[in-house]
Amino acid sequence: MSPSNRCIMHIDCNSAFLAFSAAHRLQQGDSLDLRTIPSAVGGNPETRHGIILAKSIPCKAFNIQTGETLHAAFQKCPTLVIVPPDYPLYVKCSNAMMEIIKDFSPAYQKFSIDEIFLDYTNMQKHFGHPVDAAHKIKDRIKNELGFTVSIGISSNKLLAKMASDLKKPDAVTTLYPEEMAQKMWPLDIQDLFMIGPCTAPKLRAMGINTIGELAAADLNLIRYRLKSHGELIYNYAHGIEASLVHTGKHIDMKGIGNSSVIPFDVDDRLTAHQILLSLTETVAMRLRDAACVARLISVSVRDTNFRTYSHQRKIFSATDSTNEIYRIARDLFDEAWQGEALRHFGVRVSELCSNEFQQTSFFDDVHKEKNQALDRAIDSLRFRFGSTSVHRAGFLNSGIKPLMGGIGSTDEMSVMTSIL
DNA sequence: TCTGGGGTCCTAGGACCC
DNA sequence: TCTGGGGTCCTAGGACCC
């Protein structure tokens, strides 16, 4: 089968978080549909989480942007209704949507919490023409789950994704290679997947303002200015992209991390250590849940001036131990911190491998086995009785949550990649 | 009244080895 | 005492996605 004979769909939820919350409220008996008024899912400014995460379509008239502060949004629209995020609900909605979609093909890839790729190649005999099948998918999601999606259809993932963006909400759109000139090339350069706020100005400075102009540009010049990323977006502008719909249940994770803004400025070492421990608890739990061990530990912080820096270390033998990861994270922090007030902390582990053939070192902690047993015992208690059932005495009265970050379960929640 | 959290990938520079 | 170039690994930071 030649690549151009593939049939790929991209299913994209419209205003996902807001739509999920709105649909849920209607199901709970609320008479107001948040999607019909200027409304948004947003954080809590008092805990310094005050940004817009998702907005309703009526917000467009007020020029409210995702990612901007609630304060700025209220300036634009004083009647704006804000609802708090509900991540467990979003995971449920996402999974329910996938259950419907997988009725239409065994080959599907969860790309993010609100986007799925479906390989519809060879499925016509079962569900008909791709456009008809897409309408069936879209309507089933609307009728059964109460929110709308936009579906793009093409011969590869990039064009399918671009297609789903062309018409919103509640729409089905094709963007086959022969339609690029008409449907995609007139679009602004920043509408192309993988051209962000940093690359767009560089292209504009070269006189390239539309996707079509990028497609017509000199590849050597683009490559010279933008290196391999230049070649990538040049190919995308021509609709060239050949990655597979990764069906495997187990997409290998490259890393696991938690990070959080702290509601107050942190300027003492002890508090910083507690925060790192709290972040490490969830990171290590997710690591063990994925049956992995990690070889690279990194810590990142952001100060009150929004300067971010990080410090990382490769360790000799990979680990999944909360205590071990914490000890390294703490050392990394102590080495990097210059004493200024901090507002944001992150702990991340990467270079993962299966814990099956864990290499042991002569120098390993003699308490290693005891530590492992303790980690597993705590994991199972938290699994059975909830994540708040067990935590360390050090957190009592500290004002810091014992377990920070880490949404839901890792089950089948595959990872988004910048390369499709 | 400020500015989230989860990821992936790429590049540059220095260390180190041959 | 002065001198090379290539390859690989490690680390920090930045760009992009949702």
Side-chain angles (χ1 to χ4, degrees), chain A residues 10 12-17 40-54 65-76 84-85 87 90-91 94 110-117 157-158 161 164-165 190 192-202 226-233 236 243 251-263 279 282-283 286 295-315 332 335-336 343-352 404-408 410 413-420:
Chain A
H10 178 251
D12 191 355
C13 290
N14 306 122
S15 326
F17 288 1
V41 175
N44 179 0
E46 277 172 27
T47 56
R48 306 161 132 190
H49 288 71
I51 65 159
I52 303 281
L53 295 163
Q65 305 292 328
T66 302
E68 79 180 336
T69 60
L70 295 193
H71 176 73
F74 276 121
Q75 302 260 308
K76 294 174 179 178
Y87 294 104
Y90 304 156
V91 170
S94 180
K110 194 161 185 177
F111 188 56
S112 74
I113 197 158
D114 66 336
E115 289 178 57
I116 299 174
F117 285 105
K157 284 158 77 178
L158 184 266
K161 183 163 168 55
S164 67
D165 242 9
Q190 222 174 324
L192 185 64
F193 181 67
M194 287 304 286
I195 296 185
C198 198
T199 307
K202 292 180 190 166
L226 300 171
K227 315 286 182 204
S228 66
H229 184 63
E231 187 155 354
L232 179 83
I233 58 176
Y236 282 5
S243 71
I251 294 206
D252 26 19
M253 297 251 247
K254 297 293 197 304
I256 295 172
N258 282 161
S259 65
S260 187
V261 167
I262 310 303
L279 290 163
T282 10
V283 167
R286 288 165 61 198
R295 273 201 71 194
L296 186 66
I297 319 289
S298 64
V299 165
S300 69
V301 293
R302 177 141 72 233
D303 68 21
T304 48
N305 294 319
F306 265 72
R307 190 176 78 98
T308 303
Y309 55 92
S310 63
H311 196 32
Q312 64 183 48
R313 178 162 301 145
K314 205 164 190 169
I315 54 177
L332 288 167
E335 287 165 18
R343 58 139 45 214
H344 181 270
F345 288 75
V347 172
R348 155 163 287 275
V349 296
S350 50
E351 300 208 4
L352 308 184
M404 264 197 282
I407 24 163
T410 54
M413 186 56 192
S414 74
V415 191
M416 224 208 55
T417 351
S418 49
I419 310 296
L420 298 171

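Numbers restart at 1 for each chain; the letters A, B, ... are given by sequence-line order, proteins then strands. The shown structure was predicted, so the numbers you read here are calculated from the model rather than taken from an experiment.
Among the protein residues, A:Arg295 comes within range of no part of the nucleic acid, since none of its heavy atoms lies under 4.0 Å from any strand. Residue A:Gly67 is out of contact with every strand shown, counting any heavy-atom pair closer than 4.0 Å. Contact annotation for A:Gly50: backbone-only contact, meaning every heavy-atom pair under 4.0 Å involves sugar-phosphate atoms and none involves a base. Across all strands, A:Pro197 comes closer than 4.0 Å only to sugar-phosphate atoms, never to a base (heavy-atom distances). In this structure, A:Gly43 reaches neither bases nor backbone, as no heavy-atom distance under 4.0 Å exists between it and the strands shown. Within 4.0 Å of A:Ser298, counting heavy atoms only, lies no atom of the nucleic acid at all.
The shortest distance between the side-chain N/O atoms of A:Lys161 and the OP1/OP2 oxygens of C:dC17 is not below 4.0 Å. OP1 and OP2 of B:dG5 both lie 4.0 Å or more from every side-chain N or O belonging to A:Arg348. Of the side-chain N and O atoms in A:Arg48, none sit less than 4.0 angstrom from OP1 or OP2 of B:dT1.
Atom CG of A:Leu296 and atom P of B:dT8 are 12 Å apart (whole Å). Following rounding to the nearest Å, A:Asp12 (CG) and C:dC17 (P) show an atom-to-atom distance of 14 Å. In this structure, A:Met253 atom CE and B:dT8 atom C1' are separated by 13 Å, rounded to whole Å. Per the geometry, CD belonging to A:Glu231 stands 18 Å off C1' belonging to C:dA15, to the nearest Å. When the C1' atom of B:dA15 is taken as reference, atom CZ of A:Arg313 falls 16 Å away, rounded to whole Å. Nucleotide B:dT8 holds its C1' atom 10 Å from the CZ atom of A:Phe193, rounded to whole Å. In this structure, the CG atom of A:Asn44 is 13 Å from the P atom of B:dG4, given to the nearest Å. Spacing between atom OH of A:Tyr90 and atom P of B:dG5 amounts to 15 Å, rounded to whole angstrom units.
In this structure, the nucleotide among B:dG4, C:dA15, C:dC17 sitting nearest to the side chain of A:His49 is B:dG4. Each of B:dG6, C:dA15, C:dC17 was ranked by its minimum atom distance to the side chain of A:Cys198; first place goes to C:dA15. Distance from the side chain of A:Asn258 is smallest to B:dG6 among B:dG5, B:dG6, C:dC18. Taking every side-chain heavy atom of A:Lys314 into account, C:dC10 is the closest of C:dC18, B:dT3, C:dC10. Comparing B:dT8, B:dG4, C:dC16 by their closest approach to the side chain of A:Thr199 singles out C:dC16.
Rounded to whole Å, the C1' atom of B:dG4 lies 15 Å from the corresponding atom of C:dC17.
A:Asn14 pairs by the side chain to side chain donor-acceptor pair (under 3.5 Å) definition with A:Thr148, A:Ser150, not counting sequence neighbours. Not counting sequence neighbours, the partners of A:Glu335 by the salt bridge (charged side-chain N to carboxylate O under 4.0 Å, His left out) test are A:Arg313. When the side chain to side chain donor-acceptor pair (under 3.5 Å) test is applied to A:His344, no partner is found at least two apart in sequence or on another chain. With sequence neighbours excluded, the residues that form a side chain to side chain donor-acceptor pair (under 3.5 Å) with A:Ser164 are A:His10. By the side chain to side chain donor-acceptor pair (under 3.5 Å) test, A:Gln312 pairs with no residue at all, sequence neighbours left out. Under the salt bridge (charged side-chain N to carboxylate O under 4.0 Å, His left out) criterion, A:Asp303 pairs with A:Arg307, not counting sequence neighbours. Every residue was checked against the salt bridge (charged side-chain N to carboxylate O under 4.0 Å, His left out) condition with A:Lys227, not counting sequence neighbours, and none meets it. Every residue meeting the salt bridge (charged side-chain N to carboxylate O under 4.0 Å, His left out) condition with A:Arg48, not counting sequence neighbours, appears here in chain and number order: A:Asp265.
For B:dC2, the O4'-C1' to base torsion is within 90° of 0; the nucleotide is therefore syn.
How far CD of A:Gln190 is from CD1 of A:Ile195: 8.0 Å, rounded to the nearest 0.5 Å. Expressed to the nearest 0.5 Å, how far CG of A:Leu192 lies from CD1 of A:Ile233 amounts to 7.0 Å. Summarising the geometry, atom CZ belonging to A:Phe17 is positioned 13.5 Å from atom CD1 belonging to A:Ile52; distances are rounded to the nearest 0.5 Å. The OG atom of A:Ser350 sits 10.0 Å away from atom CD1 of A:Ile256, with the distance rounded to the nearest 0.5 Å.
For residues 303-312 of chain A, proximity to DNA chain C is found at A:Tyr309, A:Ser310, A:His311, A:Gln312, defined as any non-hydrogen atom under 4.0 angstrom from a strand atom. Contacts of residues 69-76 of chain A with DNA chain B (heavy atom under 4.0 Å): A:Thr69, A:His71.
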Problem - Watson-Crick or G-U pairs under 3.5 Å in DNA chain B, rendered as dot-bracket with [ ] for crossing pairs and | for another strand - result: ....||||||||||||||
Report each atom pair, protein N/O against N/O of nucleotides 11-13 of chain B, whose distance is under 3.5 angstrom.
from	atom 1	to	atom 2	distance (Å)
B:dT11	OP1	A:Ser228	N	3.3
B:dT11	OP1	A:Ser228	OG	2.9

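Counted by atom type alone, A:His71 and A:Thr69 present zero donor-acceptor pairs between their side chains at under 3.5 Å.
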Problem - Residue pair A:Arg348, A:Ser298: steps toward the side chain to side chain contact (heavy atoms under 4.5 Å, CB included) verdict - result: CA-CA 5 Å; A:Arg348 155 163 287 275; A:Ser298 64; 3.8 Å; yes
Problem - Audit row: A:His49, A:Ser260, side chain to side chain contact (heavy atoms under 4.5 Å, CB included) steps and yes/no - result: CA-CA 9 Å; A:His49 288 71; A:Ser260 187; 4.2 Å; yes
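Of the possible polar contacts, one joining the A:Thr282 side chain to the A:Met404 backbone as a donor-acceptor pair under 3.5 Å is found.
Nearest-nucleotide mapping onto DNA chain B: of A:Leu279 and A:Thr47, the residue sitting toward the 5' end is A:Thr47.
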